[in-house]
Amino acid sequence: QVQLVESGGGLVQAGGSLRLSCAASGRTFSSYAMGWFRQAPGKDREFVAAISTRGNVTRYVDSVKGRFTISRDNAKNTVYLQMDSLKPEDTAVYYCGARSWNLLSYEFWGQGTQVTVSS
């Protein structure tokens, strides 16, 4: 089974940047679509971004379009979330998820990494 470990979170000032990484174990990483989700205090978990198995198709929640970029390096078993022009409302715990290409929902999740954006 695939195991996911996020890293790269931290404290940043508004307008700054962070790059989150999600390292996956297993030889079948390239068969999984990957996604990033976030959950702010008192809020529901929210979809942020997703990328197809080959990396050729991406999608984003409207609130991060133009600011965040999801990418993957299958040779390194890693998916990234480049976050630019960060806003205080981006503050949340960010989770990486994996979904087999032939399934409808995400199967595996990382432990999450905290992103805090100060104003």
Not counting sequence neighbours, which residues clear side-chain contact (heavy atoms from CB on, under 4.5 Å) with [X]? List them please.
| X | value |
| --- | --- |
| Arg54 | Asn56 |
| Arg38 | Glu46, Val48, Ser63, Val64, Phe68, Asp90, Ala92, Tyr94 |
| Thr69 | Tyr60, Gln82 |

Value rounded to 0.5 Å, distance of [atom1] in [X] from [atom2] in [Y]:
| X | Y | atom1 | atom2 | answer |
| --- | --- | --- | --- | --- |
| Ser71 | Met34 | OG | CE | 11.5 Å |
| Arg72 | Asn77 | CZ | CG | 9.0 Å |
| Thr78 | Leu20 | OG1 | CG | 12.5 Å |
| Phe29 | Leu4 | CZ | CG | 8.0 Å |

Sequence neighbours left out, what passes ring pair (Phe, Tyr, Trp, His ring centres under 6.0 Å) with Trp101? Give chain and number order. none
Of all the heavy-atom pairs spanning [X] and [Y], show the shortest one and how long it is.
| X | Y | answer |
| --- | --- | --- |
| Ser25 | Val2 | O-CG2, 3.3 Å |
| Ala50 | Tyr106 | CB-OH, 3.7 Å |
| Gly112 | Tyr95 | CA-CD2, 3.6 Å |

Using the rule that two of Ile, Leu, Val, Met, Phe, Trp, Tyr join whenever any of their side-chain heavy atoms come within less than 4.5 Å, decide whether Tyr32 and Ile70 are in one cluster.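 Yes, Tyr32 connects to Ile70 through the hydrophobic network.
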Would Phe47 end up clustered with Val93 when hydrophobic side chains under 4.5 Å apart are linked, directly or stepwise? yes
Using modelled atom types and a 3.5 Å cut-off, is there a donor and acceptor pairing between side-chain atoms of Thr91 and backbone atoms of Val117?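 The answer is yes, because a donor-acceptor pair under 3.5 Å joins these two groups.
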Short question: side chain of Arg67, backbone of Ser85 - any donor-acceptor pair under 3.5 Å? yes
Selection residues 3-23 - residue pairs positive for side chain to side chain donor-acceptor pair (under 3.5 Å), sequence neighbours left out: Glu6-Gln111, Ser17-Asp84
With Asp44, which residues qualify under salt bridge (charged side-chain N to carboxylate O under 4.0 Å, His left out), at least two apart? none
Do the side chains of Val79 and Trp36 get nearer than 4.5 Å, heavy atoms only?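 SC-SC contact between Trp36 and Val79 confirmed.
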